[in-house]
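The structure appears right after this line, and notes come after that.
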Amino acid sequence: MTRIFKMGSYAGNDAVHDQPTPGNLAILTKVDKLRELIGTKVALPQLVVVGDQSSGKSSVLEGLTGFGFPRDAELCTRYATQITCRREIEESINVSIIPHADAPPHEKERVKKFHRTLKTMKQESLAELFREANDAMGIKTSTKSTSADGINLSAFSEHILKIEKLGPDEEHFTVIDVPGIFRKETEGITTEGDIELVRNMVKNYMKDTRTIILAIMPANVDPATQEILKLAKKADPTMTRTMAVLTKPDLAIESTMKNIAIQHVLGRRSDLSLGYYIVKNRGPDDLGMTLEQGQVKERIFFATEPWSVLRNTGRAGVFALKARVRELLVDLIKKEFPKLKADIVKERDGLRSQLDKMGQSRNNQYTQRAYLNRMGEAFQTLARDSLNACYDNDAIFDEQHELRLITRIVDESEKYSDVMSKNGHTRPFESDGPDKDPDESSDPTLARPYPELEDFDCPELEGIFDPSDVIMPTTDKKGDIMGYIESVYKESRGQDLVPISNTVISAIFKDQTKKWKPITLSYMTKVIFEIHLFIKEILKQVCPDERVREELWDGYLLEGLQKSYRVALDQAKLLLKIEREESPMTYNHYYNDNLQKSQAEHFVVALEKLGLEMQAPVDTKHTNVRSFEQGTFLSKAVLKALSLNMGNSEYNLKLIHDILKSYYKVSRKRFVDVICKQAVNHYLLRGEGSPLTIFSTQMVQELNEDQLDMIAAEDAPVKLRREKLVRDIQNFDDALKVLRGSG
Ligand code: GDP
Ligand code: MG
């Protein structure tokens, strides 16, 4: 009688805790909803069952959830299993796999495809289902160690098997079963590496502060020696979220062993603030017994000596355990809600900003065109600012000084003008003085006025430049222009009184300007490189997406750029040809001024000679001798006698030289200006077809639908990423609604 009474009171005790209060049920429901939405991204309050292999974890879990793992030695837990019970009208078991976050994408995709639904929990169908799940996870068995496609299978997996147990009588509850720790490998199945892998997995599942640890250990060994408690202590140093659960009390035969277990449960030997619990599950001999039958047996067991001393502790039996676990979970959840909310908001905002960075989605021609247009505009703005030296408009001009384009071009042009002025001529003109002697050995800029082509590393522009264009001609006779003029003159003179034909001038001029071509084309090359690098760099700025950039560059921009560079170079070559090879011509009065100045210089020389002769006193009144520089008085008679004192041919040579010298100066200045203004400024910088105008809204306008799609469509990974972000954000938003009670 007493015994029955005791059983009754025990059952009654349980009944009080058997169902959660409506408030608690609501909270547990909330957490399950959150787990659905964001469970893989934010740590939620949860319960994990850990312990050694075969300590009885799955059995405890079955007691808590009613979900029974198939009893098949082959199918012992090889991955974490999350079991969620939920109240639904229809009874069913849904099984799927939550992929491990670090798994390669194709594997994630593969395991995500696994979905099974069972209407009832029949042992055979469950065993079949688990075999399929193991297969999907790539778990090896004693008979199968490689997959169909030859990949080595492993004994354990870090994916999570998700089991939803739905039914009208279910209460919301989630527990995670983690593979058991083991210390010896099994030939052909587990390796030493697996031992460590599982230990790490267990540690990982225990570490989160929102996790309640159910440390399972058999009652027939002393808990003090249990490794799992040591691991739990590391994860939970204050031992405030670790609960020890003793199993297999029926296997504790010796009374000392039983006593140790009882002392722990009574809290007399416990260092855990949550304490020890004890349950008796079905053993290997209870194969035919249902869960309910097992639970009846458990009650009877704890009602008998010596275990009956535990009857009022609320710590013996699976129902007591479940009630306590539920309470703990609810407390933990309540405590964690504010922090959880903050975490969710933070996480969601992070995702939102990632999505913002990706810009608008580009799945049709309108969004694609808009996307490219924005880029084109940004490109034009940067180009304009760099041309107008508006360097304050964008921080990039401070960060990268090489992007201050116009400043660099002005520097380069000045250098060009300078080189042309100092070293452009083949031979120095007379009376230019020895300092202007273009001695190549003394002036390195002459031999190599600009970096040579190899100095630029840009294979894509190789076809545009002809290296022979920038080779400096070797000058045979250094310096002697008169000698050269004489040789040309002698080769071509006729009987004319005026000996100077345009042909002679032309020929000498062409030779005198031989270096213009390499100097000018080097300058052009340098400018083109500057512009090219500039365009490449700002394109990176306006189009950070590498794939789109490459598509734009290879498919559209590069070709256009090459063309515009060629046009500019051709222009420079044309100008060279016009200036050097066509008949000399100018309306510039400086030509005459220069010529007259040169001629005047001959008179000065002649006068100088006269002045020297006049140093002898001719007039007693002016006996004081004055040098020529001080000024000399000349009588009309003396002036009439003045003669340049040159032979015809010397006179002619001097005249040719003077004409050439005046014309050269006028021509050089005109040429340098026109190169800078026309070939560079117009064709390379500001003109309609300049390379800087190539990427514009105009160009985007001309793209057809296919081209747009080719350049601007998001590739599959980007699309997927965006879709995933959108989904995740939605889930976080929904999770917040759930937390606020409005979802
Ligand atoms: P797991 O490997 O930790 O998940 O352990 P299981 O729950 O699969 O149990 C391992 C073995 O111990 C099974 O054969 C169970 O029937 C048995 N077992 C579990 N709990 C008890 C118990 O309380 N008493 C007895 N006699 N056997 C148990
Ligand atoms: Mg197990």
Side-chain angles (χ1 to χ4, degrees), residues 47-83 123 126-127 130 133-134 137 139 155-157 160-161 163 175-184 186 189-190 194-195 198-199 201-202 205-206 213-221 223 226-229 231-232 244-253 257-258 261-262 265 276-291 293-302 304 307 310 315-322:
L47 198 62
V48 298
V49 181
V50 295
D52 280 6
Q53 231 171 37
S54 235
S55 56
K57 295 179 301 300
S58 298
S59 304
V60 170
L61 199 105
E62 183 177 0
L64 292 174
T65 62
F67 180 83
F69 286 93
R71 286 190 199 87
D72 182 335
E74 264 287 75
L75 295 175
C76 87
T77 317
R78 299 305 179 101
Y79 35 78
T81 308
Q82 171 192 310
I83 300 173
Q123 268 294 316
L126 267 182
F130 269 77
N134 280 9
M137 293 229 192
I139 298 289
F156 293 88
S157 166
I160 301 172
L161 187 72
I163 298 175
V175 195
I176 297 169
D177 187 23
V178 183
I181 296 177
F182 60 102
R183 293 166 196 84
K184 254 201 194 132
T186 311
I189 303 250
T190 53
D194 290 332
I195 300 178
V198 169
R199 189 170 277 119
M201 218 159 144
V202 173
Y205 273 97
M206 294 197 296
I213 303 166
L214 285 189
I216 313 291
M217 46 206 141
N220 53 359
V221 285
Q226 291 292 294
E227 184 189 4
I228 190 65
L229 277 183
L231 289 180
V245 180
L246 301 176
T247 55
K248 311 188 182 180
D250 50 321
L251 298 186
I253 310 294
M257 215 59 243
K258 292 183 194 174
I262 289 170
V265 179
Y276 282 75
Y277 288 73
I278 191 161
V279 294
K280 188 197 99 62
N281 307 305
R282 286 165 299 166
D285 296 340
D286 304 326
L287 269 182
M289 202 184 280
T290 64
L291 183 62
Q293 288 166 339
Q295 284 165 353
V296 171
K297 243 186 119 178
E298 185 190 33
R299 290 182 195 194
I300 298 170
F301 178 81
F302 284 118
T304 49
W307 306 104
L310 300 174
R315 290 176 175 271
V318 75
F319 289 111
L321 176 66
K322 187 168 182 181

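Throughout, residue positions are numbered sequentially from 1 according to the sequence presented. This one's a predicted model, so the numbers in the text were calculated from it and none came from an experiment. Whatever order the structure lists ligands and atoms in, that order sets their numbers, starting from 1. Excluded from the calculations below are hydrogen atoms, water molecules and symmetry mates; all remaining heavy atoms, backbone and side chain alike, are included.
A distance of 4.0 Å separates CD1 in Ile163 from CZ in Phe130, rounded to the nearest 0.5 Å. Of the inter-residue distances, the one linking Lys248 atom NZ with Ile278 atom CD1 reads 13.0 Å to the nearest 0.5 angstrom.
Taking each heavy atom of Met137 and Ile160 in turn, the nearest pair found is CE-C, 3.9 Å.
Partner of Leu61 under the side chain to side chain contact (heavy atoms under 4.5 Å, CB included) criterion, out of Thr81, Val175, Leu47: Val175 alone. When the options Thr247, Val50, Leu246 are evaluated for a side chain to side chain contact (heavy atoms under 4.5 Å, CB included) with Ile216, the one that passes is Thr247.
Residue Gly56 has at least one N or O atom closer than 3.5 Å to an N or O atom of ligand 1. Any N or O atom pair closer than 3.5 Å counts here, and Arg282 shares at least one such pair with ligand 1. For the pair Ser54 and ligand 1, the shortest N or O to N or O distance falls below 3.5 Å.
If you number the atoms of ligand 1 from 1 as listed, the ones under 4.0 Å from a heavy atom of Lys280 come out as 23 (O). Residue Asp52 has at least one heavy-atom neighbour below 4.0 Å for each of these atoms of ligand 1: 3 (O). Interface atoms of ligand 1 facing Lys248, defined by a heavy-atom separation under 4.0 Å, are 12 (O), 18 (N), 19 (C), 20 (N), 21 (C), 22 (C), 23 (O), 24 (N), 28 (C). Close contacts between ligand 1 and Ser58 involve ligand atoms 1 (P), 4 (O), 7 (O) [criterion: under 4.0 Å to a heavy atom].
With sequence neighbours excluded, the residues forming a salt bridge (Lys or Arg N to Asp or Glu O under 4.0 Å) with Asp52 are Arg183, listed by chain and number. Taking Gln295 as the reference, nothing meets the side-chain hydrogen bond (donor to acceptor under 3.5 Å, both in side chains) condition, with sequence neighbours excluded.
Classified by interplanar angle (parallel below 30°, tilted 30° to 60°, perpendicular above 60°), the ring pair Phe302/Trp307 is perpendicular.
Within the structure, ligand 1 has Ser55 among the residues with a heavy atom less than 4.0 angstrom away.
Residue contacts with ligand 1, taken as heavy atom pairs separated by less than 4.0 Å, involve Asn281 via backbone and side-chain atoms alike. Contacts with ligand 1 closer than 4.0 Å are made by no heavy atom of Glu62, backbone or side chain. Of the heavy atoms in Leu251, only side-chain atoms (C-beta onward) come closer than 4.0 Å to ligand 1.
Distances from the Mg ion (ligand 2) show that Gln53 has no N/O/S atom below 2.8 Å.
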